[in-house]
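In what follows, a structure is listed as structure tokens, so that the remarks can point back to it.
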Amino acid sequence: MKKQIYYIPKPALFSFGECMWFLDRRFDECLYRISKSEVRKAVMINEDAFLLGITEKDKDIAITILCGKPDALQRIALLNYVADWFDLSKDLAPFYKLLSANKQLAYMCSEFNGLRLIGIPDLFEALCWSIIGQQINLTFAYKLKRRMVEAYGQQLVYDDTVYHLFPEPERLARLAVSELRAMQFSEKKAEYVITIAEAFANGRLSKEILQALPSLEARQKALTALKGIGIWTANYALMKSLREPASIPQGDVGLLNALENHGIIKARTETEKIERLFKKFKGWESYIVFYLWRSLAKK
DNA sequence: AACCAGGCTGCGC
DNA sequence: GCGCAGCATGGT
């Protein structure tokens with residue numbers, strides 16, 4: 001049978017290669033698979049799992065449905081998922097204008113041209129991932145995530161290859177702390193993940209609930225009310241999942257390192273200089289953070 | 001081998 | 001309110 005292929009026109013200031021480069025960093029990612037020119041990812045749309053293959057084709061992004069038969073609504077949801085993941089609907093022109101006006105950062109306009117803020121559309125996944133990543137090196141964090149995903153997530157098989165889905169909150173809510181401890185989660189991380197899974201499973205928290213709140217502050221407060229979610233985690237999740245333009249993972253080690261590398265600060269304590277920088281990027285705070293993170297990786 | 005990892009909580013002042 | 005130990009273990 002012929003595979004279904006759908007197209008999304010590339011927006012201006014978009015580079016598939018830059019986005020792929022970000023996805024293909026050296027980490028042991030278990031939720032998608034990259035080949036030369038394609039990223040494949042399993043996506044769940046209300047109870048049904050699909051496998052997407054995403055490539056670029058001339059002026060379009062081509063999305064091939066490798067597994068599953070979406071109905072009309074699911075097809076729309078899948079295309080929306082891709083658009084959301086790659087942040088395709090944002091006009092980056094104002095951001096590039098601000099970038100080019102900044103002496104230390106202007107080079108990013110050409111160096112990272114067309115890089116989009118790659119998101120984590122699933123809020124539950126974003127929160128779990130940021131809790132896993134707290135205070136440990138990323139290599140180890142990816143290892144922890146893989147163990148959890150392989151043990152409790154659903155999967156699809158295509159072409160003799162397994163594609164994992166992030167575990168459902170209902171599944172993780174049933175876990176005992178000891179089960180995650182066995183995977184080398186710390187006691188606290190295990191508790192936090194299970195608590196958050198419960199909050200999602202019983203409907204106390206969801207992306208929709210959070211989106212309905214009136215302000216960034218309200219959303220931050222709703223998240224930090226949960227144990228294990230501090231301001232860093234709240235802002236990280238808001239930036240990657242709700243795409244809050246102005247959320248900054250304050251105090252983030254990588255962010256501070258990048259600011260030092262660029263000579264914007266000399267010491268990690270120079271909070272005034274950091275505030276001054278973000279003031280210049282008002283409305284684009286999360287984007288500049290993402291680009292600064294990008295600058296940390298070696299070509 | 002010490003020191004740092006995409007921090008957070010709970011305690012003592 | 002602010003500072004700080006403790007968390008648990010892998011990387012460098």
Side-chain angles (χ1 to χ4, degrees), chain A residues 21-31 112 115 117-120 122-149 166 175-199 205 219-244 246-262 264-265 267-272 274 277-278 285-298:
Chain A
W21 187 95
F22 176 83
L23 292 173
D24 195 21
R25 291 170 302 162
R26 62 191 180 284
F27 300 113
D28 179 31
E29 174 62 62
C30 59
L31 293 174
F112 308 148
L115 173 66
L117 200 170
I118 305 298
I120 304 177
D122 178 357
L123 176 64
F124 178 59
E125 178 192 332
L127 287 171
C128 290
W129 172 230
S130 48
I131 283 166
I132 290 172
Q134 287 170 7
Q135 186 53 21
I136 58 174
N137 67 73
L138 278 180
T139 309
F140 183 42
Y142 276 96
K143 218 176 264 182
L144 294 180
K145 180 168 88 165
R146 175 180 284 283
R147 288 177 189 150
M148 189 171 86
V149 166
F166 195 77
L175 294 183
V177 169
S178 60
E179 294 176 82
L180 290 175
R181 278 291 292 133
M183 297 179 174
Q184 289 179 289
F185 280 62
S186 70
E187 191 91 11
K188 290 296 170 195
K189 270 195 214 299
E191 288 170 16
Y192 299 158
V193 166
I194 293 169
T195 307
I196 289 164
E198 284 165 355
L205 182 59
R219 289 186 271 279
Q220 289 169 332
K221 250 184 117 176
L223 287 175
T224 53
L226 287 164
K227 285 232 183 308
I229 301 182
I231 191 63
W232 178 88
T233 304
N235 280 323
Y236 179 88
L238 287 169
M239 142 182 190
K240 294 284 273 188
S241 192
L242 270 70
R243 298 198 165 281
E244 287 279 358
S247 69
I248 306 166
Q250 302 280 6
D252 177 83
V253 186
L255 171 61
L256 295 172
N257 287 340
L259 292 171
E260 279 184 351
N261 293 346
H262 287 84
I264 293 167
I265 58 171
R268 292 181 175 194
T269 48
E270 295 179 312
T271 49
E272 280 175 30
I274 300 174
L277 175 76
F278 281 120
E285 289 91 336
S286 59
Y287 248 94
I288 192 60
V289 169
F290 190 73
Y291 269 53
L292 284 164
W293 281 341
R294 168 65 180 84
S295 76
L296 293 169
K298 303 279 168 279

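Here is the naming used below: chain letters follow the sequence lines, and residue numbers restart at 1 for every chain. Just so you know, these numbers use all the heavy atoms, side chains as well, and skip hydrogens, waters and symmetry mates.
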Write out a two-atom table: protein N or O, nucleotide N or O from nucleotides 9-13 of chain B, distance below 3.5 Å.
unit_1	atom_1	unit_2	atom_2	d
B/dT9	OP1	A/G228	N	2.9

For this session: Could you pull out all residues at least two apart from A/R219 that satisfy salt bridge (charged side-chain N to carboxylate O under 4.0 Å, His left out)?
Result: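 A/E244.
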
Got a donor-acceptor contact below 3.5 angstrom from the [X] side chain to the [Y] backbone?
{"X": "A/S241", "Y": "A/I120", "result": "yes"}
{"X": "A/Q134", "Y": "A/I229", "result": "no"}
{"X": "A/Y192", "Y": "A/K227", "result": "no"}
{"X": "A/K240", "Y": "A/I118", "result": "yes"}
{"X": "A/K189", "Y": "A/I131", "result": "yes"}

Expressed in angstrom and rounded to an integer, what is the separation of [X] atom [atom1] from [N] atom [atom2]?
{"X": "A/K143", "N": "C/dA8", "atom1": "NZ", "atom2": "P", "result": "18 Å"}
{"X": "A/R26", "N": "B/dA5", "atom1": "CZ", "atom2": "P", "result": "13 Å"}
{"X": "A/I131", "N": "B/dG7", "atom1": "CD1", "atom2": "P", "result": "13 Å"}
{"X": "A/N235", "N": "B/dC8", "atom1": "CG", "atom2": "P", "result": "10 Å"}
{"X": "A/W232", "N": "B/dC8", "atom1": "CH2", "atom2": "P", "result": "7 Å"}
{"X": "A/L138", "N": "C/dG11", "atom1": "CG", "atom2": "P", "result": "12 Å"}
{"X": "A/I136", "N": "B/dC4", "atom1": "CD1", "atom2": "C1'", "result": "13 Å"}
{"X": "A/L223", "N": "B/dG7", "atom1": "CG", "atom2": "C1'", "result": "15 Å"}

For this session: Select base, sugar-phosphate, or nothing to describe what A/L255 touches, counting heavy atoms under 4.0 Å on all strands.
Result: nothing

Exercise. NA contact type, A/R268, heavy-atom cut-off 4.0 Å: base, sugar-phosphate, or nothing?
Worked result: sugar-phosphate

Closest to the [X] side chain, choosing from [options]:
{"X": "A/N137", "options": "C/dA8, B/dG7, C/dG10", "answer": "C/dG10"}
{"X": "A/S186", "options": "C/dT9, C/dC7, B/dG7", "answer": "C/dC7"}
{"X": "A/Q134", "options": "B/dC8, C/dT9, B/dA5", "answer": "B/dC8"}
{"X": "A/R181", "options": "B/dG7, B/dA5, C/dA8", "answer": "C/dA8"}

For this session: Please measure how far the P atom in C/dC7 lies from the corresponding atom in B/dA1, and state the result in whole Å.
Result: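 The answer is 23 Å between these two P atoms.
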
Exercise. On a whole-Å scale, what distance lies between the P atoms belonging to B/dC8 and C/dG10?
Worked result: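 Looking at atom P only, B/dC8 and C/dG10 are 22 Å apart.
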
Exercise. Closest nucleotide of DNA chain C for A/Q135 versus for A/T139: which of these residues is on the 5' side?
Worked result: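 The residue mapped nearer the 5' terminus is A/Q135.
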
For this session: Kindly indicate whether a cation-pi arrangement holds for A/R294 with A/F290, taking the cut-offs as under 6.0 Å to the six-membered ring centre and within 45° of the axis.
Result: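 No, A/R294 and A/F290 do not form such a contact.
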
Problem set entry | A/R146/A/E29 ion pair, N-O < 4.0 Å |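 Result for this pair is no, no salt bridge flagged.
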
Problem set entry | Distance below 4.0 Å between A/T233 side-chain N/O and B/dC8 OP1 or OP2 | yes

